[in-house]
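First the proteins, then the strands, lettered A, B, ... as listed; each starts at 1.
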Protein chains: 2
Amino acid sequence: MMRPTRNGAQLITNTQGSAPGTGPQPADFTDVRATNLAVVLRFVRENAPCSRADIAASTGLNKATVSSLVADLIDRRLLRETGLTENRVGRPATMLVLDGSPYAAVGIEVNVDYLTAVAVDLKGEALLSWRRAFPGGSASSGQAVAGIAGVARRVVTRMTKEARQVLGLTVAVPGLVDLNGSVRLAPNMGWRDVDLAGDLAKALRDPGFPVLADNDANLGALAELRFGPHVGVRDLVYLTGEIGVGAGLVLDGRLRRGGAGFSGEIGHIEIVPGGPPCHCGRRGCLEVVAGLGALLDRTVPGGVSPAELEPEIDEVVQRAEAGDPVVLDLLDTLAGNLGRGVGIVANLLNPEVVVLGGYYVKLAPWILARAEQEMLGRSLAPAGGGCRLVVSGLGYGAAALGAAARVLDSVDSGRLPAPA
Amino acid sequence: MMRPTRNGAQLITNTQGSAPGTGPQPADFTDVRATNLAVVLRFVRENAPCSRADIAASTGLNKATVSSLVADLIDRRLLRETGLTENRVGRPATMLVLDGSPYAAVGIEVNVDYLTAVAVDLKGEALLSWRRAFPGGSASSGQAVAGIAGVARRVVTRMTKEARQVLGLTVAVPGLVDLNGSVRLAPNMGWRDVDLAGDLAKALRDPGFPVLADNDANLGALAELRFGPHVGVRDLVYLTGEIGVGAGLVLDGRLRRGGAGFSGEIGHIEIVPGGPPCHCGRRGCLEVVAGLGALLDRTVPGGVSPAELEPEIDEVVQRAEAGDPVVLDLLDTLAGNLGRGVGIVANLLNPEVVVLGGYYVKLAPWILARAEQEMLGRSLAPAGGGCRLVVSGLGYGAAALGAAARVLDSVDSGRLPAPA
DNA sequence: TAGAGTTAGTTCGTCTAACGACCAAACAAA
DNA sequence: TTTGTTTGGTCGTTAGACGAACTAACTCTA
């Protein structure tokens, strides 16, 4: 059991949604309550099933306070009492778990050719997982928003039928998304200045829950943090492995989105000066020397179509498994370039973990070791500053899952649903 | 006057010094008090002189609460009442200012050839500024620590003579400093695994104030944030311009040190594959293509000695001013390479500002425009994602100043001296 | 089977500190 | 002088964490 770890020097800080430059906000008692409710909620999430006494002992909160907080969370239907402990000395404890049934968090990932929607309960367990073709690349942004809204409505209806209240909806987009959830630039989608979060909220007509949008890599990082095997990790970088390459940065336990929300654009860092041309107009970008487009261009005859990405990757995997020297060589080169990109991240940010997502997962057997070696060789800090390069276990749905995780994060940081 | 900006969703978060992975700490009333004391202190810092009524109106705190908080801060000798307002309708207000006299924050920067010590008061005004030769590169780490301790003792004695209490001491080191203030690697100093903060605290024999150590670029970033013209900026990157090049990262308003404390090592990112060899064993590092060593190697006959850096830079400046085409060409190349490094930072972190420090300041007329152009041309986000490249106005003492700022930051975030 | 011991959770009184309402003080303008 | 305005303090209220005492419900032991 954990020991109490109270610490005298704490400040109440606004954790989300505050305008930049407003400075720290003063605190009052409701903030104390919100903080402690969130502490208990998170403790139960990580330690369920557990008793009130466990919570008190581990958090350092007073037993009476914990009882009050738990009662509040039960009122809000966030926690639920389950059975009693048995065969133990002393009074049996009533165990607490997260209540999975009353709420849902919705995440949607849009991409050039497909759209993924997931809903999870408070525990993070999947309630729904749809994947369907979506003409994101060819439709106008207005049509795309309408399509997303349609899917969102259907998800919400489904959740309502299950008697669940939707706590929020987040959309993951491959592109630059500003801090207001407006897509400033999404080259693959052909979007520019689309107020996705706003338009979607309008299309859903005052949905009664927050609608947000963010970059797919950012949300992938959140998914790793919540659903991946990274207990206690506070500095993590997630790399998407699609046609493009993007990074999501979690530093000191929170997503860092940059001044305008455009952080993580690792794909257009120059890795090979004078290298192959990139659609962005420059040459040798990480994306063209370590993304999947270039790999497929050279292995699959007739060029790459986004809609056929998965079978084409499978073909690469098959040829690699068969020992095709051309493919193995290309993968080794890709791994080297990827490792150089990871090395940049390791030197600049010193994360504890860099997670490879997307199609990198399938290619991991042929690229992971080389990329890690390359990264370690380029890190100034001994042993890469403790940085590990690992493969995501979340599969393709990471961004959508992260979008849902974004909603749960918001709950975990104090935005609780009102009591009934 | 600012408008009240209370925000319902706040959490009390541990702001510093907590072990990683311990998760969020519960809050009690003392945290509310500490938070609000810090809010008032910071408000007065940024708006002095101001009245209690101003504070209440701008922060949204209750007038009665503000009065109580101000009384507390006056007890602690952090604030001081100054005169009354005149010629205004209504009762004249008693104005409040930071009390500059009772405290001092000490910062020391060590380098290969020199040592800088500064002390500032609560307002950030300089009380003392020493710069002296220091055989950091040639002495053993033990001798160096003893030397630093000697200087520190003299600074403390001086402050004590002025009847000031030292609130803390921070040492800036060019190298990898872990989260405990232990220097893991400082190639230029020839140090490895030197527990600088610990040894120094020991040498000062229970000094009664915290002794910390951190990387010079990190502390330079803090100096810019506090003393530079960057009001409201929450995402800032500072680049040191010495023989080596390091970065200090401020993201979302706080220094981000990475998982082990080794963030910001931009100097050993490969910028020119197959470029000139670097002392780290690799080639084409930013440090050798945009640092000052390479520049001086090619402009100053007979190689570079750290002790002669300043006059040698001056010679470069003179030759540039005279229009020496060789020097201008070298500076242009350096600027291009620097811009490529800044472009990486802009793409990955999307800061609002990148500040060039150290000797880059003197070279700015010949490198700033080119570097900025290069950065903008490499940023995926339009207009560099709003990133500006500017020159530091703080001069060479930035790291020492930042070390002192580190102490003030600690006060600003709630670690207040006890009342008398 | 009757304590004795142990653990869980509640009740109740205390205390901290923010808040709202009110009030006196001190000025300018009429 | 009167009126209005602004400042800053007092006082009672209130939210909510905390500590101690208490009850509940079990196991263990004699």
Open item on the list: Regarding C:dA8, can its base be found pairing with the side chain of A:R91 as donor and acceptor, where the two atoms are less than 3.5 Å apart?
Closed with: yes

May I have the distance from [X] (atom [atom1]) to [N] (atom [atom2]), rounded to whole angstrom?
X	N	atom1	atom2	answer
B:R52	C:dA25	CZ	C1'	14 Å
A:I55	C:dT7	CD1	P	18 Å
A:F29	C:dA17	CZ	C1'	4 Å
B:N62	D:dT7	CG	C1'	14 Å
A:D54	C:dT7	CG	P	12 Å
A:L96	C:dG9	CG	C1'	11 Å
B:E81	D:dT7	CD	C1'	12 Å
B:K63	D:dT6	NZ	C1'	8 Å

Respond yes when some side-chain nitrogen or oxygen of [X] is under 4.0 Å from OP1 or OP2 of [N], and no when none is.
X	N	result
B:S67	D:dG9	yes
B:N36	C:dA17	no
A:T65	D:dG16	no
B:T30	C:dA17	no
B:R88	C:dA26	no

Identify which nucleotide among [options] has an atom closest to any side-chain atom of [X], counting heavy atoms from C-beta outward.
X	options	answer
B:A64	D:dC11, C:dT11, D:dA17	D:dC11
B:R33	D:dG16, C:dA18, D:dT7	C:dA18
A:S51	C:dA17, D:dG8, C:dG9	C:dG9
A:V89	D:dG9, D:dT27, C:dA29	D:dT27

Task: B:D252 vs A:R256, salt bridge (charged side-chain N to carboxylate O under 4.0 Å, His left out): CA-CA, chis, key distance, verdict - done: CA-CA 7 Å; B:D252 286 331; A:R256 304 298 165 187; 2.9 Å; yes

- [ ] Tell me which residues in residues 68-75 of chain B put a heavy atom below 4.0 Å from DNA chain C, sorted by number, or none.
- [x]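 Heavy-atom cutoff 4.0 Å gives no residues at all.
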
Return the [atom1] to [atom2] distance between [X] and [Y], rounded to the nearest 0.5 Å.
X	Y	atom1	atom2	answer
B:R80	B:M95	CZ	CE	13.0 Å
A:L78	A:D412	CG	CG	9.5 Å
B:N36	B:I55	CG	CD1	11.5 Å
A:T35	A:F29	OG1	CZ	13.0 Å

- [ ] Indicate the atoms forming the closest heavy-atom contact of B:V32 with A:D28, along with that distance.
- [x] CG2-O, 4.0 Å

Open item on the list: Testing the basics here: between B:V120 and B:A126, what is the closest heavy-atom pair and its distance to 0.1 Å?
Closed with: CG1-CA, 4.2 Å

- [ ] Flag yes if more than 12 heavy atoms outside B:R76 fall under 6.0 Å of its CZ atom; otherwise flag no.
- [x] yes

- [ ] Check every strand shown and say whether A:T85 touches a base, only sugar-phosphate, or nothing at a heavy-atom separation below 4.0 Å.
- [x]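 Counting heavy atoms under 4.0 Å across all strands, no contact is made by A:T85.
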
